Amino acid sequence: MSWGTELWDQFDSLDKHTQWGIDFLERYAKFVKERIEIEQNYAKQLRNLVKKYCPKRSSKDEEPRFTSCIAFFNILNELNDYAGQREVVAEEMAHRVYGELMRYAHDLKTERKMHLQEGRKAQQYLDMCWKQMDNSKKKFERECREAEKAQQSYERLDNDTNATKADVEKAKQQLNLRTHMADENKNEYAAQLQNFNGEQHKHFYVVIPQIYKQLQEMDERRTIKLSECYRGFADSERKVIPIISKCLEGMILAAKSVDERRDSQMVVDSFKSGFEPPGDFPFEDYSQHIYRTISDGTISASKQESGKMDAKTTVGKAKGKLWLFGKKPKGPALEDFSHLPPEQRRKKLQQRIDELNRELQKESDQKEALNKMKDVYEKNPQMGDPGSLQPKLAETMNNIDRLRMEIHKNEAWLSEVEGKTGGRGDRRHSSDINHLVTQGRESPEGSYTDDANQEVRGPPQQHSHHNEFDDEFEDDDPLPAIGHCKAIYPFDGHNEGTLAMKEGEVLYIIEEDKGDGWTRARRQNGEEGYVPTSYIDVTLEKNSKGS
């Protein structure tokens, strides 16, 4: 089937059809362009969605730990990769389909214009041949009519007896001239007719079929190009389907990785304080003064003094608040994390020790590398000056010493929390050594003070020789209670002048902390001593004037 033979007389129809084909090609290109914009906007919106719900990791503490959170963030990562594949689809369509269509449409317009110009030129040439033939035909027809008139004029004069011989001879010559002219025009017409028939045959059987064949091939190539673009349109997305499937599989794996038992254990690890449940409150007998006996004996007097002391020290006792069931005391974060419960403090100290060990390993590796480089420079002076490495080596050594002291200090605190150290005095000594290179000042059992002169100070010294003055002050009244406190952590109180206490034990405060990290307290049985201020929750009486 050929357009040249079947549509030889449909030039205008083929002109419209080829124009429609180009318009359809451009319409499909516009469709692809809009699809590309949809893919790009979809990918952009997906990325914005992922960015919106991704965690703002300003610190390591905010990193997700629960399996459900980790699974969600893994899903967000997979979705981000999925958005990237949508961008790949858009890029592939833009390059392989849309760009190719626009280039082909431009070439197609140029080719169609050339073929139509050739067809119009051929038609114009055939029209010119037809006009020449028609002119010769009309001229031949006109000369024949003139010759016929001359024939009739000659016959009329020849039959007329009144006509002169000269008129007859003139009419005869005119007839011969017209007859000769008619013969020449006849030959001209025959030649033009033969030429036109040849050109017409050539036009409809050679030129036009060739032009229409080229138009047909052009239109078929356009159809083939559309088919290729249709296939490329689908292949652009089919290529990324395996990767998209992996993204979806990653989301499914993330969903399967959720472990409710592990999350529950993490809740325990995150909030476990390490405290023991509170014990029973002791009975406080406020009716002792009712049963006092009036006696001048030593035993009665001692009972009276004991009763007097209890009456003073129990003032404001009922205002104490159990810390475990109340609100946690808020305060500045301390270097040894003593403001945290024991279990959380242990975890924080262990994390810090691990970080310091990693930093120490890096500094050690750098020191080893610098030493090797120094040895190379000493053996080959032309490669560098060994002395240039000395400042960096000294700085690395200082960093190593600093990190080791920091690790030692934190390990001492960790041992204190875990109960690995024996006496408070040994921990105090190691803490004082570590604090020589730190800004903070540590009081016994993890409390701090900013006064460097008070750093190595233990419990106030006036109690270190208490036994020497017992005889002198044994008759004085005990100091009045100015408040009470509750032990947050247990304290062994091995050193002289200190007071041991159990976790949750309630004591009376008889002297506030003077800035050295120690508070003077008294038990209900009258035993007095100093306890670490950071180990107790203090409640002072509002109307108290102090010791």
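Given the structure is predicted, the values throughout are model-derived calculations rather than measurements. Throughout, residue positions are numbered sequentially from 1 according to the sequence presented.
Annotation for Glu78 and Cys247: closest pair OE1-CA, 3.2 Å, computed over non-hydrogen atoms. In plain terms, the two heavy atoms of Gln216 and Ser2 that are nearest each other are OE1-CA, 3.6 Å. When all heavy atoms are compared, the tightest approach of Ala29 to Leu101 is CA-CD1, 3.8 Å. Shortest non-hydrogen contact noted between Ile36 and Tyr98 is CD1-CB, 3.9 Å. Contact record, Leu414 with Arg346: CD1-CG, 3.5 Å, taken as the closest heavy-atom pair. Looking at every heavy atom in both residues, Cys229 comes nearest to Tyr28 through O-OH, 3.5 Å.
The line from CD of Gln40 to NZ of Lys44 is 10.0 Å long, rounded to the nearest 0.5 Å. Expressed to the nearest 0.5 Å, how far CE of Met102 lies from CG of Leu25 amounts to 8.5 Å. With rounding to the nearest 0.5 Å, the separation of CD in Gln10 from NZ in Lys16 is 10.0 Å.
By the neighbour-count criterion of 12 heavy atoms within 6.0 Å, atom CD of Gln194 is sparsely surrounded, having that number or fewer from other residues, nucleotides or ligands. More than 12 heavy atoms of other residues, nucleotides or ligands shown are found within 6.0 angstrom of CZ on Arg221. Environment of CZ in Arg120: crowded, with over 12 heavy atoms of neighbouring residues, nucleotides or ligands closer than 6.0 Å. The environment of NZ in Lys172 is sparse: at most 12 heavy-atom neighbours from other residues, nucleotides or ligands sit within 6.0 Å. Counting non-hydrogen atoms of other residues, nucleotides and ligands closer than 6.0 Å to OH of Tyr230 gives a total above 12.
Salt-bridge formation is not detected for the pair Lys246/Glu249: no Lys NZ or Arg NE/NH1/NH2 atom is positioned less than 4.0 Å from an Asp or Glu carboxylate oxygen. Under 4.0 Å is where a charged nitrogen must lie from a carboxylate oxygen, and between Glu363 and Arg402 no such pair does. Salt bridge status for Glu141 with Arg145: present, with a side-chain N to carboxylate O gap under 4.0 Å. Remark: Lys131 does not engage Asp134 in a salt bridge, criterion side-chain N to carboxylate O under 4.0 Å. Under 4.0 Å is where a charged nitrogen must lie from a carboxylate oxygen, and between Glu237 and Arg86 at least one such pair does. A salt bridge is defined here as a Lys NZ or Arg NE, NH1 or NH2 lying under 4.0 Å from an Asp or Glu carboxylate O, and Lys372 with Glu368 meets this definition.
Asp81 and Gln85 are not linked by any side-chain donor-acceptor pair at a separation below 3.5 angstrom, with hydrogens and angles left out of the test. For the residue pair Asn41 / Gln45, no side-chain donor-acceptor distance below 3.5 Å is found, with atom types taken as modelled. Side chains of Thr18 and Arg112: a donor-acceptor N/O pair is present below 3.5 angstrom, by distance only.
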Let me see the working for Lys362 and Asp365 under salt bridge (charged side-chain N to carboxylate O under 4.0 Å, His left out), right down to the final yes or no.
CA-CA 5 Å; Lys362 290 181 182 179; Asp365 295 341; over 6 Å; no
side-chain hydrogen bond (donor to acceptor under 3.5 Å, both in side chains) between Gln265 and Asp269, worked out:
CA-CA 6 Å; Gln265 184 61 39; Asp269 295 340; 3.2 Å; yes
Arg352 and Glu406: CA distance, side-chain angles, deciding distance, salt bridge (charged side-chain N to carboxylate O under 4.0 Å, His left out) verdict:
CA-CA 9 Å; Arg352 180 186 287 173; Glu406 288 285 336; 5.6 Å; no
Passes side-chain hydrogen bond (donor to acceptor under 3.5 Å, both in side chains), Gln192 versus Glu188? Steps please.
CA-CA 6 Å; Gln192 291 294 336; Glu188 179 67 19; 3.2 Å; yes
Passes salt bridge (charged side-chain N to carboxylate O under 4.0 Å, His left out), Lys225 versus Glu228? Steps please.
CA-CA 5 Å; Lys225 177 60 68 174; Glu228 293 175 354; 3.6 Å; yes
side-chain hydrogen bond (donor to acceptor under 3.5 Å, both in side chains) evaluation trace for Asp15 with Gln19:
CA-CA 6 Å; Asp15 184 3; Gln19 182 61 44; over 6 Å; no
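Across Leu393, Val376, Thr396, a single residue satisfies side chain to side chain contact (heavy atoms under 4.5 Å, CB included) together with Asn371, and that is Leu393. Of the listed residues (Lys186, Lys138, Arg178), just one forms a salt bridge (charged side-chain N to carboxylate O under 4.0 Å, His left out) with Glu143, and that residue is Arg178.
A 4.5 Å side-chain heavy-atom check between Arg404 and His408 finds every atom pair outside the cut-off. The shortest side-chain heavy-atom distance between Met181 and Glu146 does not fall under the 4.5 Å cut-off.
Looking only at distances, no side-chain donor or acceptor of Ser153 sits under 3.5 Å from a matching main-chain atom of Lys149. Between the side chain of Asn380 and the backbone N or O of Gln382 there is no donor-acceptor pair closer than 3.5 Å. Remark: the backbone N or O of Glu155 is paired with a side-chain donor or acceptor of Asn159 at under 3.5 angstrom.
Ring geometry, Trp3 versus His17: the interplanar angle exceeds 60°, so the pair is classed perpendicular (tilted spans 30 to 60°). Relative orientation of the Tyr212 and Phe11 rings is parallel, given thresholds of 30° and 60° on the angle between their planes.
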